[in-house]
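The next block holds one structure in the form of structure tokens; read it before the comments.
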2 protein chains.
Amino acid sequence: MTVSSFPRTVEWVGGIDGFVRMIDQTRLPHELVMLECRDTKAVWEAIKRLSVRGAPAIGIAGAMGAALGILNHAASDRASLLEELDRVCDYLVGSRPTAVNLAWALERMKACARNSHEAEVSRLKESLLAEAIRIRDEDAEMCRAIGQFGEPLITEGCRVLTHCNAGSLATAEFGTALAPFYVAHQRGRRFKVYADETRPLLQGARLTAWELQQAGIDVTVLCDNMAGALMQNGGVDLVITGADRIAANGDVANKIGTYSVAVIAQAHRIPFYVAAPSSTFDLSLPDGSGIPIEHRDADEVRSCLGHPIAPAGVECYCPAFDVTPARLIRGIITERGVISPLGTEVIARLLGEKSST
Amino acid sequence: MTVSSFPRTVEWVGGIDGFVRMIDQTRLPHELVMLECRDTKAVWEAIKRLSVRGAPAIGIAGAMGAALGILNHAASDRASLLEELDRVCDYLVGSRPTAVNLAWALERMKACARNSHEAEVSRLKESLLAEAIRIRDEDAEMCRAIGQFGEPLITEGCRVLTHCNAGSLATAEFGTALAPFYVAHQRGRRFKVYADETRPLLQGARLTAWELQQAGIDVTVLCDNMAGALMQNGGVDLVITGADRIAANGDVANKIGTYSVAVIAQAHRIPFYVAAPSSTFDLSLPDGSGIPIEHRDADEVRSCLGHPIAPAGVECYCPAFDVTPARLIRGIITERGVISPLGTEVIARLLGEKSST
């Protein structure tokens, strides 16, 4: 079950002599161009130039890029293959050094090689390719589960607002915040999605609008500062966003602007949900105050898709994320179920119970 | 006393054979280009293409455009001059049919001609030119008064957020929301201004940032969706915005996004002020629910300064204004004083008392 109307975000084409194919997201929303990567360097460049973005999608691309490097390597023995894998992984992780999922996926590839105990080089290569494909399939499975748990929130005729892009294009398929929409749509539900454009990089206008439009889901784009008026006029029944990191008490770090949406939703008693896999929780942080907030280059604010919009050299404020306190969040939709209401104990229980099974 | 570091927004240069000179705002913030209009048609085109914008500035340009038409007209008698004035005013009002100040300024020019009882054509022409210049000077005077009443709010070291451009560039000089900044700056106060970029047309990033930068005032641009995080992090002490129309109870219609700022400011107990001349009040409306909200072309959201940012044909929500309820507004700064707290009676009293003097 895929989002049938457009190709997979990142996939492996063919068998042991195959290659990586991905949607070139730098060309969206104006044209759908598929990028074929036949060696590790091509994958490195694709990640670097943001042809693939979104933490899970970057992890998948990285794992497949490592597989490509191994499959193309003429190693005659296990030891030199493992050495080559280390080299390839070190190289790939440098394409986006702060992407946690990329490092995680590459570590998983290395662990797979170490644990396989396969002496024969060709069999080891097959194991590594299978592992890369498994990383993709597990992500797709997780997104689908989030979609199934979130789908009952998407009632017939409801109007849902989302921010940024936590969709198919950021994951193997379905996404996190958008997954309930895809499941509801497949079940024939009719509803309306409002996509905040999400300055400065406009992932909402460029990516969320594009993927929902491709899937035939009713989507309307609005500037970030219009969501308040829309809520005031009774136009929003529900908000769902993704998350970049979630503290033990349910405080959520997500794309800048999420906090504003949550405050205004609260003022109108509109339920605000977050959708994220359980791997997004960082239980080492008791609350959101410990989440580091990246500040980006001022040029992202000073320009819009490369075109200057403000006086040259003017100072800019450009945080990449903000933190929404748990008290503004009705619930968090995970692949293990919906946590609602939020609290340190219920979160620990859901994550603990399931991870020990 | 003008904002000395850049030329007047719109002014009359020379005497009876002079012309209109204005800042071409379509070229900002990248270059400062002065536009010289030597006939009515040139003024009409400047208003039409938004070289001059902001209700008061449009009114001033319109009045000067009417004066140009009359001065250039070879009428030999009063009757044909009045006829020409009617024709010129009808023509000019069509450059922006919904701009209330434009119609108001042109009506004032016609009333001036009717009331002058001057039989001699050359004297009548002089009266009309003087009236156009008076419209500009009165606006400058009004903005200065708003600035003086608002200035005490700008305490040493404070951080003030504003939205859109209610500044010099929208008026004769000083502006409304920005007038307290200019007065405080002239008095040597040090403070920091945050300018919301104000999508879709980016008047904050393009115009507010430019004019404050020119004046040497410390200004930082941020995307509209970043104001919430800035307030959450304790970075804002005060908000001041302009107004497009104010109902009898103090509900304020202003540029889209103002309502969101007010809700988030309230959540952080940050005082939210509106600055506007008393002519902005529409006492025929008991509250904001009766204020008509213009919806603009979807292409304004689908693109950014002419560059497409969303999939072609995607639906967009594009209200030009929103309504901030009086309960979120700490006070309204007018040229007659600061109204605070708001209420139908205090508003009627201030407006009534002064207008009857």
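Remember, it's a predicted structure, so these values are computed and weren't measured experimentally.
When each of A/H30, A/Q266, A/M226, A/R206 is checked for heavy-atom pairs under 4.5 Å with chain B, A/M226 comes out on top. The greatest number of non-hydrogen atom pairs below 4.5 Å with chain A, out of B/P308, B/P325, B/G313, B/A227, is found for B/P308. Most heavy-atom pairs under 4.5 Å with chain B: of the set A/T258, A/V263, A/I309, this distinction falls to A/I309.
Only the backbone of A/A312 comes within contact range of chain B, judged by heavy atoms closer than 4.5 Å. Residue B/I293: no heavy atom, backbone or side chain, is found under 4.5 Å from chain A. For chain B, no part of A/D196 is nearby; none of its heavy atoms comes within less than 4.5 Å. Interface residue A/N225: backbone and side-chain heavy atoms are both found under 4.5 Å from chain B. With a 4.5 Å cut-off on non-hydrogen atoms, B/I256 touches chain A through its backbone and its side chain both. Both the backbone and the side chain of A/I264 come within less than 4.5 Å of a heavy atom of chain B. Proximity to chain B is absent for every atom of A/L207, based on heavy atoms less than 4.5 angstrom apart.
Checking side-chain atoms of B/R8 against main-chain N and O of B/E173 turns up no donor-acceptor pair under 3.5 Å.
Ring orientation note: the planes of A/F174 and A/Y182 are tilted relative to one another, at an angle of 30° to 60°.
In this structure the side chain of B/T220 reaches within 4.5 angstrom of the side chain of B/K192, judged on heavy atoms.
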